[in-house]
Each structure stands twice: as structure tokens, then as C-alpha cells.
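Step one of this worksheet: look at the structure below.
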Amino acid sequence: MPTVADIRAANETITMLTAYDAPTAELVERAGIDVILVGDSMGNAVLGHDSTLPVTIEEVASRTAAVSRVTDEALVVADMPFLSFGVDEAESIENAGRMVKEAGADAVKLESGPHTVGLTERLVELGIPVMAHLGLTPQRVNQIGGYGRQGTTREAAAEIVDLARAHEEAGAFSLVLEHVPANLAAGITEALDVPTIGIGAGPDCDGQVLVITDVIGLGDWSPPFSKQFGDVRGEIESAVGKYKEAVESGEFPAEEHSETVEEIDDVY
Ligand code: KIV
């Protein structure tokens, strides 16, 4: 299994994908993906919400546990949901600790800002590796007013650079950069020792991450910076349609799907 130290020192491009359940995690790991993020993107991707805000600590813990149970090669990172961190330090530590102690995560990810520098330092001190996350931080959707690109002015870009440095100094082992200009991501990647992992941040990060439902083509929408590499939605529609037809026509279940027991023939 790649450790946090391996990711920190990676020479090769880091591959990261989200997964929210055991069968998907198993396949993602089998494909050789380095890091599995149990992202709070589960809110939109699989829980039917229209943002990540309603996702609870229990939901992330339960799905992290499912992913951890079936993986040993990939590094499993649990995403800390909205308001599960940053309000009260003791509670933040307890919540992050649950992900490691109960759910089997190897590290946690925090949507970062000025308020997470001290918390990152404290978690790292306590032995909980932290992946930072800057640029578009979807938990701030109500403040930002949407999911637009971040760091597009000199001032905003400089703030992201400062925060990236501050989180590296605080001990974060890697940094997700979401939906920022490619040249900003390239500059931050050059400036930091820890690896950057981009999503909508151009080709020059040390690694890339996408949401699994976008990659496999399960969702009905995906962001413009993502890419669909498969058509699982089409496969499910086709399989479910075939099942319905087979049941309605009496073709399923066939003889090979049924068993009879002679001894009970005269019971009624
Ligand atoms: O929740 C998530 O899946 C994420 C990634 C998009 C980085 O934060």
C-alpha cells in the first residue's frame, strides 16, 4: 500500500479517484489507482442531494469503512463533511479520529482555508495525516454563489498561494487544487514540496483526481473540466430494461434459475 510518505515523495503522477462503496472501491484499486477519496461529493454523486452540504459524518464514516474493508493497496482518504471540522477543535479532532479509528481511513481531507491551518497542524501532531484542499471548495457554495473557477484575480490567486504554503508548513502531506487556472496550479506545484492533486486545474499538478460517477458515466451531468471514460448509465439502462422484458415475458426465471423439492409436492 502506498503510505502517506510514498504519496508525499511520489516521482510518478499520482492517480486518485473517489469511491463510495465496496464493489467500486475494489475495482478502482484493481485498476491500480494510488489514492481512493471517500469524498463528500457522495452528496451529489450517489445520495441524491444537490450539494455536499447535507452529507453527515456518519455517512462518510460508513462509506469509508466499506471502502477500507475491501482495499489494501490504495491509500484511503476520508473527506471531512461540512461543519464536521473547524467549529470546535476538540470536536474536529474527534471527528477526524473516528475516520481513522473506526472507519479505517489512512488520512483525512479538509476543505481548507485560513481556519484550517492550526487544525491541520494539530491533527498531524496527533498522527492523523491531512490532505488539504484549496481553490473551489464546494462546502462554501452559499458564500461563493456557485461552483465557478477560483483564483482568477491577482488577489485571489495570491491568497491561494499563501494558503497552500501555510498548509504545507502546517504538515499537510498533499494538496488538492480544484477548478483554478492551470497556470496558478502549475506555479503552486512548482513552489511546494508536497504534491498537488488537480481537478479542473490543468495538466501540471503532481496528480489528478476525478469523481468516479463522472469517469464511468453514471451521473446525468458532469462538470466541463471532467471527462467521461465509460457509459455505465447506458449499461444499467440496458440491463434493467432487459430484466423487465424478461420478467414480463416469462423468460426469467427459467428452469436453471429454479429448484423444486419433490418431498413437499403433497403438502397442499
Ligand atoms: O468530495 C470530493 O469528491 C472532492 C474531490 C472532488 C476532490 O473533494
Side-chain angles (χ1 to χ4, degrees), residues 7 13-21 24-25 28 33-57 59-64 66-67 74-86 95-96 99 103 105 107-113 116 120 129-141 144 146-151 160 163-164 167 172-180 185 188-189 194-202 205-216 218-219 221-228:
I7 297 298
T13 306
I14 298 162
T15 52
M16 173 159 130
L17 272 180
T18 67
Y20 318 108
D21 58 63
T24 309
V28 167
I33 295 294
D34 301 310
V35 185
I36 299 181
L37 171 66
V38 187
D40 68 347
S41 52
M42 70 176 71
N44 314 63
V46 296
L47 297 179
H49 297 301
D50 60 7
S51 79
T52 60
L53 303 185
V55 175
T56 65
I57 191 92
E59 284 165 336
V60 177
S62 149
R63 283 162 181 273
T64 300
V67 167
L75 190 85
V76 175
V77 179
D79 207 4
M80 298 302 295
F82 183 50
L83 298 186
S84 69
F85 65 98
N95 287 337
M99 295 301 173
V108 297
K109 177 171 81 59
L110 307 180
E111 287 196 13
S112 310
T116 55
T120 298
V130 174
M131 176 179 276
H133 179 165
L134 292 170
L136 174 62
T137 46
Q139 291 173 12
R140 287 190 176 275
V141 60
I144 304 165
Y147 297 101
R149 198 152 43 121
Q150 302 296 304
I160 295 175
L163 283 171
H167 282 82
F173 73 95
S174 61
L175 167 67
V176 169
L177 285 171
E178 179 166 357
H179 209 5
V180 295
I188 293 174
T189 302
V194 294
T196 58
I197 302 177
I199 171 163
C205 292
D206 298 302
Q208 296 290 328
V209 55
L210 284 177
V211 167
I212 187 72
T213 47
D214 296 338
V215 168
I216 63 175
L218 177 60
W221 178 88
S222 63
F225 53 72
S226 192
K227 182 168 173 180
Q228 190 176 316

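For ligands, and for the atoms within them, numbers begin at 1 and follow the listed sequence.
- Of all atoms in ligand 1, listed by their number and element, those nearer than 4.0 Å to a heavy atom of D79 are 1 (O), 2 (C), 8 (O).
- Both the backbone and the side chain of D40 come within 4.0 Å of ligand 1, counting heavy atoms alone.
- The structure places CG of L75 at 9.5 Å from CD1 of I36, a figure rounded to the nearest 0.5 Å.
- When each atom of ligand 1 is checked for a heavy atom of T18 under 4.0 Å away, the hits are 3 (O).
- Atoms CG and CD, on L17 and Q208 in that order, are 11.0 Å from each other to the nearest 0.5 Å.
- Looking at M42 against ligand 1, nothing comes within 4.0 Å, counting heavy atoms.
- Of all protein heavy atoms, the one lying nearest to atom 3 (O) of ligand 1 is S41 OG, 2.5 Å.
- Ring pair H179/F225: centre-to-centre distance below 6.0 Å.
- Each of L210, V211, L218 was compared with D214 under the side-chain contact (heavy atoms from CB on, under 4.5 Å) criterion, and only V211 meets it.
- For the atom pair CE of M80 and NZ of K109, the computed distance is 11.0 Å after rounding to the nearest 0.5 Å.
- Rounded to the nearest 0.5 Å, atoms OG (S222) and NZ (K227) are 11.5 Å apart.
- The closest protein non-hydrogen atom to atom 8 (O) of ligand 1 is K109 NZ, 3.0 Å.
- Note on ligand 1: E111 sits outside its first shell, no heavy atom being nearer than 4.0 Å.
- Of all atoms in ligand 1, listed by their number and element, those nearer than 4.0 Å to a heavy atom of G39 are 1 (O), 2 (C), 3 (O).
- Between the side chains of T24 and D21, at least one donor N or O sits under 3.5 Å from an acceptor N or O.
- Evaluated by nearest non-hydrogen atom to atom 6 (C) of ligand 1, the leading choice among I199, V209, L37 is I199.
- The atoms of ligand 1 that sit less than 4.0 Å from any heavy atom of H133 are 8 (O).
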